[in-house]
Number of protein chains: 2
Amino acid sequence: MAVPRRTSRDIRSESRLDALHAVLAAGETTRNEIAAATGLSPATVATVVGELIAEGIVAETKLTIGRVGRPTATLTMNAARGRVVGIDVAETYVRAVMFDAALNEVASVEEPRDEHVHDPASVVEGIGRALDNVLEQGGVTRAYVLGVGVALPGLVQGASGVSVTVPHWNWHKVELERLRERVGLPLIIDNPLKVIATAELWLGRGRYCSSMITINLGTGVGAGIVLEGRILRGATNSAGEWGHSLLVLDGRECRCGRRGCVEAYIGAPGIQQTLREIEPGHPLADLTMQRDFIDAMAEAAERPDPDPAVQKTIERTAYYLGSALADLVAVINPEIVTLTGWTTWALGEHLLPATRARLVEQAPGRSADDLRLEVSTVRGNSVATGVATIALERFLTDVGLLTTRIPLAL
Amino acid sequence: MAVPRRTSRDIRSESRLDALHAVLAAGETTRNEIAAATGLSPATVATVVGELIAEGIVAETKLTIGRVGRPTATLTMNAARGRVVGIDVAETYVRAVMFDAALNEVASVEEPRDEHVHDPASVVEGIGRALDNVLEQGGVTRAYVLGVGVALPGLVQGASGVSVTVPHWNWHKVELERLRERVGLPLIIDNPLKVIATAELWLGRGRYCSSMITINLGTGVGAGIVLEGRILRGATNSAGEWGHSLLVLDGRECRCGRRGCVEAYIGAPGIQQTLREIEPGHPLADLTMQRDFIDAMAEAAERPDPDPAVQKTIERTAYYLGSALADLVAVINPEIVTLTGWTTWALGEHLLPATRARLVEQAPGRSADDLRLEVSTVRGNSVATGVATIALERFLTDVGLLTTRIPLAL
Ligand SMILES: [Zn+2]
Ligand SMILES: [Zn+2]
């Protein structure tokens, strides 16, 4: 694959995207404010806002008459333009979230998944059912939906085709076509790490810095990488698989089959194993549901007399996390690292100080001196949000407003 | 730092750069061939080639009269346009290489450096002397030199200013100004990892793939990362410090002061330590000069009855290298990884098969399935070549042909 050439069409597309981000970030704004926020010339803003209004993406809501000059129009996203749905297919659940076209959440459903059942037919049906249910809950028919995005763990797109590589899953192009049929709407499919990076780019910090990494902490762990406002995908859409980079050579067995992966230490089951190593008979060590375990850890840490084994597990996890983040900082040298995912929502504030200390100690040279390490400002399920955002981007591309090259899974 | 906006000026600049790369790669070419090689329209090629000729960068050397149509002009780089000098300041030597404007090497000098002397005055004087000597050897005065590039280990440019962070070196802006004075020519200074990536981009594989990593193996080790034709620099110019990412948590002490860094295992002293661990009294284990040690290892491996301890050291080093490369592949997912540096020239072919096997085994999912792992095609001292290339880029920017934002150290 050669380096794609940018054209003046791409530049106009980027101006539209900048203006759109400015409207989204501000909620309500004006043409002048967009020019100030984006650095685009007033003439360019006038043109691109006109295009966004013509396609019904942005709406002019009211006119404010100032004391001098012409009245100023207030601009917002046109929420009523339609709906987009983001579906997060995890190993233990399927979550479908419906958003209006201003990316406000309007409905959501979550259904448990039997993590031992992963034949294509049942996974596809689970996704289809979640979509049907969220449409029903949101009170709209398919005709009102602009697009659907599905995040599938381990989605890879290489020279040898498209596939989903999850341990034990064995999906190929044909299953993805079956999914498209079941959904019956414009569909994009992407890898969760690309999706959390997109959420951070549209709704979080990504747009305001030249390099950013978002770390997802849950059952699995991974990194979404944004460089100069673009998602780093890599040759086969597998960039960011930091969860399966080495933390300890020949260390703990990872569920991917290799040894010593970062995930085997800071994925939820890895944290539980650390507790088990610190105090084998600890009552939390035997909880069978991962999210219950993480919530119980947070609860124990917040007690007035915190459990020493829990404390020590959190310290040790921060040591692992800080060490593993230092490796990412060594290679990418980002301006900012944000943490997301359900382990972050529960334990993030407990992990952050010791993680930061270890990261600064371990990152090479001065690469972490000016680094910001923060809990992500994109709350909720950032996988569902991110993949819905990609579905919206795809819609904008289809109506000719963007040239963003969104990789198509099908 | 916000995301830089691309302008139509940048697009024209990229077209010029594409045309220039096509001329450089072909040696001799024509306008039609440039259009075919770059995908630029014939009209654009005509314009940019005209600009390159007007500035004396490209020369029309002869006309070939075909059987039909107009005569075809042969284009080459205009080697006589002037000279550029690249200076590689390593811990054990200073090497200055002079190139003509077609990037052919025309002279070079190497002077040993006492690695225990790193006060700014002596390092600056060492660089100045190497420059004077290479000018003398090349038989030109400063007036004929378009620019000088100096690669300084650990050069960092952050919000807190410019500095050189090498263990025991303690340089700040003032020393860099002293260097500029001593050189007395247009000067750029950069970090060696950015420089090897630039060499690969101009003269190697970088221009022909969307993502590439070049690994430098010597005393230290590091990665130069090229994404979509651009060098990944990071927030403080420290991206690619993979040599100081973790291979073994709490492992061997690294000279950077941390433990378990990749460099402590596959830097030349690390390889020697591996041999020492395998056979403590081995004669090669006591060689005091790193390059002698690496050369002796290669020689021992090439004997008809290879030394088992040497064999085992090479296998173990390949295991470390493959594991550490797998981490880079996990995060960046590049199309190609090339190896360079003096350890590569000596031992690369011995290391490659086992390194590749370990890399494929250890990289997550299918991210290494289509990956190419090769010894770099940019031979010689790629640090000197790369930094001379940046000096040439800088010259092209100064005469208005490029908009490439080359970070200035001073
Ligand atoms: Zn793993
Ligand atoms: Zn180190």
Side-chain angles (χ1 to χ4, degrees), chain A residues 1-8 10-11 14 39 154 156 158-160 163 165 207-211 223 225 227-229 232-242 244-249 251 256 258 320 323-324 326-328 330-335 361-362 364-367 369-371, chain B residues 1-8 10-11 14 39 154 156 158-160 163 165 207-211 223 225 227-229 232-242 244-249 251 256 258 320 323-324 326-328 330-335 361-362 364-367 369-371:
Chain A
M1 182 163 52
V3 178
R5 187 182 304 287
R6 297 247 176 156
T7 66
S8 52
D10 293 321
I11 289 179
E14 278 175 29
V156 166
S160 40
S163 59
T165 56
R207 201 74 195 161
Y208 305 103
C209 56
S210 68
S211 50
I225 303 170
L227 299 173
E228 303 206 336
L232 177 67
R233 292 188 169 273
T236 61
N237 205 32
S238 320
E241 284 291 353
W242 161 81
H244 300 285
S245 70
L246 273 179
L247 180 61
V248 182
L249 188 72
C256 75
R258 287 174 295 268
Y320 292 140
S323 303
D327 282 6
L328 265 184
V331 171
I332 306 283
N333 184 208
E335 279 182 57
E361 178 186 280
Q362 189 65 15
R366 299 175 191 173
S367 52
D369 282 10
D370 299 320
L371 178 78
Chain B
M1 181 163 53
V3 178
R5 187 182 305 287
R6 297 245 178 158
T7 66
S8 53
D10 293 321
I11 288 180
E14 278 174 30
V156 166
S160 41
S163 59
T165 57
R207 200 76 196 161
Y208 305 103
C209 57
S210 68
S211 50
I225 303 170
L227 299 173
E228 302 206 336
L232 178 67
R233 292 187 169 274
T236 61
N237 205 33
S238 320
E241 284 292 354
W242 161 81
H244 300 285
S245 70
L246 273 179
L247 180 61
V248 182
L249 188 73
C256 75
R258 287 174 294 268
Y320 292 140
S323 303
D327 282 5
L328 265 184
V331 171
I332 305 284
N333 184 207
E335 279 183 56
E361 177 187 280
Q362 189 65 15
R366 299 177 191 171
S367 52
D369 282 11
D370 299 319
L371 178 78

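Quick note on labels: first sequence line is chain A, next is B, and so on, each numbered from 1.
With a threshold of 4.5 angstrom between heavy atoms, A/Ile225 approaches chain B through side-chain atoms but not through N, CA, C or O. Both the backbone and the side chain of B/Pro364 have a heavy atom closer than 4.5 Å to some heavy atom of chain A.
For B/Ser245 against A/Ala330, the heavy-atom pair with the smallest separation is CB-CB, 4.3 Å. The two residues A/Arg258 and B/Gln362 come nearest to each other via the heavy atoms CD-O, 3.0 Å. Among all heavy-atom pairs drawn from A/Ser238 and B/Ser367, the shortest one is CB-CB, 4.0 Å. In plain terms, the two heavy atoms of A/Ser323 and B/Leu249 that are nearest each other are OG-CD1, 3.6 Å.
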Query raised in the report: Taking it one step at a time, do A/Asn333 and B/Leu232 satisfy side chain to side chain contact (heavy atoms under 4.5 Å, CB included)?
Result: CA-CA 9 Å; A/Asn333 184 208; B/Leu232 178 67; over 6 Å; no

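No side-chain heavy atom of B/Thr236 sits less than 4.5 Å from a side-chain heavy atom of A/Leu371. Side-chain contact check for B/Leu246 versus A/Leu246: every heavy-atom pair is 4.5 Å or farther apart.
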